[in-house]
Enquirer: 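Sending over a structure as structure tokens; questions will come in a sec.
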Protein chains: 2
Amino acid sequence: MTRPSQELLRSISDEHVLRSLMAGRKLTRAELAVETGLSKPTVSESVRRLVENGLVADTGERTPGGRGKGRVGSFYGLAGDIGVALVVTIAPGGVTAECVDAYGDVVTHVRNRIADAVEVAATLPLTVTEAVAGQRVLLSTVSAADPVDRHTGRLVHLPDSPFLVGELDPVEVLRPLVGEPVVVDNDVNWAAQAEQTALGTSDFAYLYLGEGLGCALVADGEVRRGHSGLAGEISHLVTVGPSGATPFIEVFGELGLRRPGTTAIDVARVGEADPVVLARAISGVVTALVTLADPEFVVIGGSWGPSLLDAITSECARSPRPVPIRVASVAEPSLTGARADALHRLRAALVEASKAQ
Amino acid sequence: MTRPSQELLRSISDEHVLRSLMAGRKLTRAELAVETGLSKPTVSESVRRLVENGLVADTGERTPGGRGKGRVGSFYGLAGDIGVALVVTIAPGGVTAECVDAYGDVVTHVRNRIADAVEVAATLPLTVTEAVAGQRVLLSTVSAADPVDRHTGRLVHLPDSPFLVGELDPVEVLRPLVGEPVVVDNDVNWAAQAEQTALGTSDFAYLYLGEGLGCALVADGEVRRGHSGLAGEISHLVTVGPSGATPFIEVFGELGLRRPGTTAIDVARVGEADPVVLARAISGVVTALVTLADPEFVVIGGSWGPSLLDAITSECARSPRPVPIRVASVAEPSLTGARADALHRLRAALVEASKAQ
DNA sequence: CTGTTCTGGGCAAGACCCCTAACTAGAATC
DNA sequence: GATTCTAGTTAGGGGTCTTGCCCAGAACAG
């Protein structure tokens with residue numbers, strides 16, 4: 001446990017001030033005192049320390065311009081060169097890279113389309129370099145549209161599952177460009193995290209139905225990834241197919257909905273299939289989800305999943321433990337989730353830096 | 001966030017001293033200083049406060065008796081009337097009640113056998129009253145061999161699932177006897193928690209095969225109970241039965257292994273069934289578990305599950321994502337898990353009490 | 001028996017940290 | 001030019017932790 005030192009109190013004060021500035025952008029010392037609940041002298045001392053450490057700076061702006069009489073105050077804000085977080089998404093359609101500052105503002109955003117998974121290796125470094133543009137990157141989060149090994153951050157190729165962006169080690173690619181730490185997770189987990197932030201629900205499941213098939217489980221307010229990060233890789237979960245019990249992914253094979261020569265679902269042609277057959281297979285997956293994880297509801301996301309909402313809902317209503325089905329509410333969910341996590345980690349890293357000295 | 005007050009430092013010191021005493025039973029102030037890393041004057045002050053608040057007392061024992069020369073020291077320990085935690089297990093075979101003190105010692109233990117679920121209502125209060133025996137109970141944990149509603153603590157009767165101890169509201173029964181708070185969970189979750197403590201593994205699944213069928217999921221070091229506490233209620237999970245896809249519980253029906261007139265498995269006759277058929281059904285459940293939760297391994301517990309280890313292992317080895325299978329290692333797992341949690345909560349409650357003033 | 005050694009515990013001084021209260025600086029207003 | 005009002009500083013007090021020193025008193029050596 002923490003030792004009860006005077007330094008602890010000081011660092012708590014600094015954290016209060018720093019977090020207030022992250023939320024409030026520009027504040028005078030008097031405003032900071034009100035915001036943090038600390039006394040004016042304590043805030044002044046804390047600001048002095050933070051300026052000295054290079055985390056906070058006088059913005060140059062002064063108070064007046066209409067707010068009463070009184071002495072002019074100095075606005076303080078986070079230092080300009082304090083650093084940003086990099087957010088990367090890697091999906092079959094393209095690669096995105098963003099830089100987010102500690103206020104939560106997206107300061108750069110670069111998106112490059114790709115036609116094929118082989119282009120990822122070449123496009124990724126270019127996109128990242130353009131987005132970084134010389135800024136100081138303190139950490140990165142990466143969303144990849146494939147299973148991710150929790151310990152190494154490498155993409156995992158599960159046999160016969162959709163595998164969309166190719167063998168790739170994002171940590172290895174990013175490290176020379178932006179340094180450590182690099183956090184990699186799959187797009188469905190990030191999407192679920194975004195949904196969790198938006199809905200505030202502690203226990204739900206996110207079922208992603210697009211070119212790939214995936215699912216994420218949120219339990220006690222956090223996405224649970226399992227031992228190696230492969231929780232929710234449901235391609236081989238046995239469910240109800242056109243000809244009896246079938247692994248989920250093979251249902252699409254039997255229906256002729258997989259793109260020839262690849263492992264991906266042919267999204268454009270999903271609409272041609274019988275929605276009831278699809279919904280029955282999906283309902284089998286949902287039943288297993290409900291049985292094992294007991295979610296409050298199941299969120300359906302992905303490119304074609306939401307269009308089957310009604311069929312899925314009526315199939316699931318017939319199961320022994322029916323559960324509400326919803327459509328995902330967050331746009332660009334993987335990017336949003338990865339960005340929220342990057343912001344959270346960036347702020348924590350800066351607070352940590354203020355405690356370091 | 002916490003305010004940076006002087007009082008915070010004081011309460012941290014007190015917590016250090018209190019937790020050292022919980023671990024060390026009897027310590028002099030000098031030993032406490034070494035143990036906590038605090039200075040002697042700080043420890044002395046803290047002990048003075050804790051004695052004043054009634055949490056700590058001079059044991060009357062004095063140091064000498066052979067340990068070197070030096071001045072005699074006074075041993076301090078937790079106050080005798082500081083309070084205990086009550087641990088209750090309710091299973092088809094009987095009701096157990098224990099009191100645990102903050103050192104982790106079981107100070108009373110009462111066990112009453114029952115022949116039938118209807119006896120629970122009468123036996124439970126008797127057993128608890130005998131175990132409590134006038135002691136001050138600060139909190140209780142209850143293990144029940146049926147699904148438990150996470151929010152109310154009441155037992156839930158899922159249709160056609162084994163239901164062993166009858167309609168019961170443990171919170172309502174215990175409140176008049178011992179007061180709040182009462183934490184109720186099902187026996188499988190407690191068993192998994194005990195296993196987690198013993199093994200230290202963060203992500204695994206616990207499959208319980210006894211009179212009832214259940215499973216618990218440990219993710220990121222904690223048992224995850226789901227929205228309403230019904231995670232892992234696998235009776236209706238569809239798996240491979242003798243005649244194709246069948247809900248898990250109905251496999252036992254088809255094999256004639258359910259006790260007539262009840263919903264329970266006839267444990268005595270499980271051995272008569274073909275182990276391969278059983279193992280295949282179990283393997284189907286394990287596959288779903290692995291797919292959705294990605295455990296590091298699966299622990300098999302319950303009265304008859306471990307005897308099928310070899311059959312289950314060889315069936316599971318054939319699945320697309322094989323996972324190690326182990327036998328549960330903790331004896332009396334539900335009681336052990338509930339007791340460990342009670343101890344943890346009791347200690348936290350005492351620390352909280354030291355901070356209250 | 002006496003002096004030495006050694007350990008538990010207390011006391012005093014100092015360093016910090018936070019707070020309140022009073023004060024100063026400086027601009028707007030009357 | 002006096003008043004009013006706000007930002008920020010200074011001074012003093014209370015609290016907590018630490019270091020260093022001293023004292024009490026039992027065991028031990030001679």
Enquirer: In whole angstrom, give the distance that lies between atom CD of B/Glu45 and atom C1' of D/dT19.
Expert: 17 Å
Enquirer: Can you tell whether the side chains of A/Arg345 and A/Asp341 come within less than 4.0 Å, N to carboxylate O?
Expert: yes
Enquirer: Under 4.0 Å between a side-chain N or O of B/Arg10 and OP1 or OP2 of D/dT16?
Expert: yes
Enquirer: If you compare all heavy atoms of A/Ala348 against all heavy atoms of A/Arg19, which two are closest, and at what distance to 0.1 Å?
Expert: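 That would be CA-NH2, 4.3 Å.
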Enquirer: Is the shortest side-chain N/O distance from A/Arg29 to OP1 or OP2 of D/dT9 below 4.0 Å?
Expert: yes
Enquirer: Quick one: label A/Ser13 by what it contacts on the DNA or RNA (base, sugar-phosphate, nothing), any heavy atom closer than 4.0 Å.
Expert: sugar-phosphate
Enquirer: What integer distance in Å separates A/Glu7:CD from D/dT16:C1'?
Expert: 15 Å
Enquirer: Return the value, rounded to whole Å, for the distance between atom CG of A/Leu9 and atom P of C/dA15.
Expert: 19 Å
Enquirer: Does B/Ser44 have a side-chain nitrogen or oxygen under 4.0 Å from the phosphate oxygens OP1 or OP2 of C/dG10?
Expert: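 Checking B/Ser44 against C/dG10: at least one side-chain N or O falls below 4.0 Å of OP1 or OP2.
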Enquirer: Between B/Lys40 and B/Arg49, which residue's closest nucleotide on DNA chain D lies nearer the 5′ terminus?
Expert: B/Arg49
Enquirer: Could you give the CZ-to-P distance, from A/Arg48 to D/dG8, as a whole number of Å?
Expert: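 Going from CZ in A/Arg48 over to P in D/dG8 covers 16 Å.
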Enquirer: May I ask you to decide whether B/Asp105 forms a salt bridge with B/Arg25, counting only side-chain N to carboxylate O separations under 4.0 Å?
Expert: yes
Enquirer: In this structure, how many angstroms lie between the C1' atom of D/dT19 and the CG atom of B/Leu38, rounded?
Expert: 14 Å
Enquirer: OP1 or OP2 of D/dC17 versus the side-chain N and O atoms of A/Ser5: is any pair under 4.0 Å?
Expert: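 No, no such contact exists.
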Enquirer: Measure the distance from CG on A/Leu8 to C1' on D/dC17 and round it to the nearest whole Å.
Expert: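 Rounded to whole Å, this separation is 12 Å.
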Enquirer: Is A/Arg71 near enough to C/dA27 that one of its side-chain N or O atoms lies under 4.0 angstrom from OP1 or OP2?
Expert: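 No.
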Enquirer: Taking for each residue the nucleotide of DNA chain C with the nearest heavy atom, is it A/Ser39 or B/Pro41 whose nucleotide lies nearer the 5' end?
Expert: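 Its nearest nucleotide lies further toward 5', so the answer is B/Pro41.
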Enquirer: If you measure from the Lys or Arg side-chain nitrogens to the Asp or Glu carboxylate oxygens, is any gap between A/Lys355 and A/Glu352 under 4.0 Å?
Expert: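 Salt bridge: no.
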Enquirer: Classify the side chain of A/Gln6 and the base of C/dC16 as holding, or not holding, a donor-acceptor pair under 3.5 Å.
Expert: yes
Enquirer: Taking OP1 and OP2 of C/dC19, is either one under 4.0 Å from a side-chain nitrogen or oxygen of B/Arg3?
Expert: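 So the side chain of B/Arg3 is within the cut-off, an N or O lying under 4.0 Å from OP1 or OP2 of C/dC19.
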Enquirer: Figure out the CZ/P separation between B/Phe75 and C/dG9, and round it to whole Å.
Expert: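 In whole Å, C/dG9 P lies 9 Å from B/Phe75 CZ.
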Enquirer: Answer with yes or no whether the side chains of A/Ser329 and A/Glu195 bring together a donor and an acceptor at under 3.5 Å.
Expert: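 Yes, because at least one side-chain N or O of A/Glu195 sits under 3.5 Å from a partner of the opposite role on A/Ser329.
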